[in-house]
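These figures come from a predicted structure and were not determined experimentally.
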Amino acid sequence: MEQKTKQKLEQIRKGKVPKGYKETKLGIIPEDWSCHKIKETLKICHGKSQKKIESTNGKYPILASGGVIGHTNSYLYNYPSILIGRKGT
């Protein structure tokens with residue numbers, strides 16, 4: 001880590017706001033960042049049952065919090081996304 005970065009982190013740890021940073025309700029962040037509620041930035045969706053699309057020799061893995069739980073030849077969601085395990089992780 002660069003010395004400048006270390007110095008800025010040390011200032012923040014001491015509650016000081018380094019040049020190029022600002023104080024927000026979330027803490028000290030870079031000036032060019034902004035704070036938003038999660039729901040203003042992304043959409044959170046719940047999982048769906050794999051039973052309707054499951055195929056023994058499917059080419060796509062069906063993922064759950066415990067790993068691969070089956071396979072399918074079709075998918076339920078075809079957009080950029082992040083998969084977050086809900087339980088068992």
Side-chain angles (χ1 to χ4, degrees):
M1 185 181 308
E2 288 186 36
Q3 189 61 28
K4 282 184 178 182
T5 303
K6 288 180 183 180
Q7 290 172 344
K8 286 180 183 179
L9 287 173
E10 188 57 34
Q11 285 180 309
I12 292 170
R13 282 190 199 103
K14 292 178 179 178
K16 297 178 182 174
V17 181
K19 184 178 179 183
Y21 287 75
K22 63 183 176 183
E23 181 76 46
T24 71
K25 60 186 173 185
L26 298 176
I28 299 169
I29 63 173
E31 283 180 339
D32 59 343
W33 289 14
S34 58
C35 297
H36 300 277
K37 293 182 179 181
I38 290 176
K39 67 182 181 180
E40 295 171 353
T41 305
L42 55 92
K43 182 178 178 183
I44 298 175
C45 302
H46 61 81
K48 298 179 180 179
S49 173
Q50 79 279 6
K51 295 184 187 333
K52 292 181 181 178
I53 63 166
E54 199 163 12
S55 173
T56 306
N57 297 316
K59 60 182 176 178
Y60 303 112
I62 300 172
L63 304 174
S65 56
V68 177
I69 59 168
H71 287 83
T72 183
N73 285 314
S74 59
Y75 34 84
L76 295 173
Y77 197 74
N78 189 24
Y79 302 98
S81 59
I82 297 172
L83 176 66
I84 301 171
R86 180 178 71 88
K87 59 182 179 179
T89 55

Any side-chain heavy-atom pair from Lys14 and Gln11 closer than 4.5 angstrom?
-> no
Heavy-atom pair with the smallest gap, counting every atom of Glu23 and Ile28 = OE1-CG1, 3.4 Å
Grab the two heavy atoms, one from Lys22 and one from Glu31, that are nearest each other, plus how far apart they are.
-> NZ-O, 3.4 Å
May I ask you to check whether over 12 heavy atoms, not counting those of Lys16, lie within 6.0 Å of atom NZ?
-> no
Euclidean distance, Leu9 CG relative to Gln7 CD, rounded to 0.5 Å = 10.5 Å
Would you find more than 12 non-hydrogen atoms of other residues, nucleotides or ligands less than 6.0 Å from Leu42 atom CG?
-> yes
List the atom of Lys8, the atom of Tyr21, and the distance in Å for their closest heavy-atom pair.
-> CD-CE1, 3.6 Å
Hey, are Glu54 and Lys51 close enough for a salt bridge, meaning a charged N less than 4.0 Å from a carboxylate O?
-> no
When you look at CD of Glu40, are more than 12 heavy atoms from neighbouring residues, nucleotides or ligands closer to it than 6.0 Å?
-> yes
Over all heavy atoms of both residues, which pair between Leu26 and Cys35 is shortest? Give the atoms and the distance, please.
-> CD1-SG, 3.6 Å
In terms of heavy-atom contacts, does CG of Asn57 have more than 12 from other residues, nucleotides or ligands at under 6.0 Å?
-> no
Student check: side-chain heavy atoms of Val68 and Leu63 closer than 4.5 Å = yes
If you round to the nearest 0.5 Å, how far is OG1 of Thr72 from CD1 of Ile53?
-> 3.5 Å
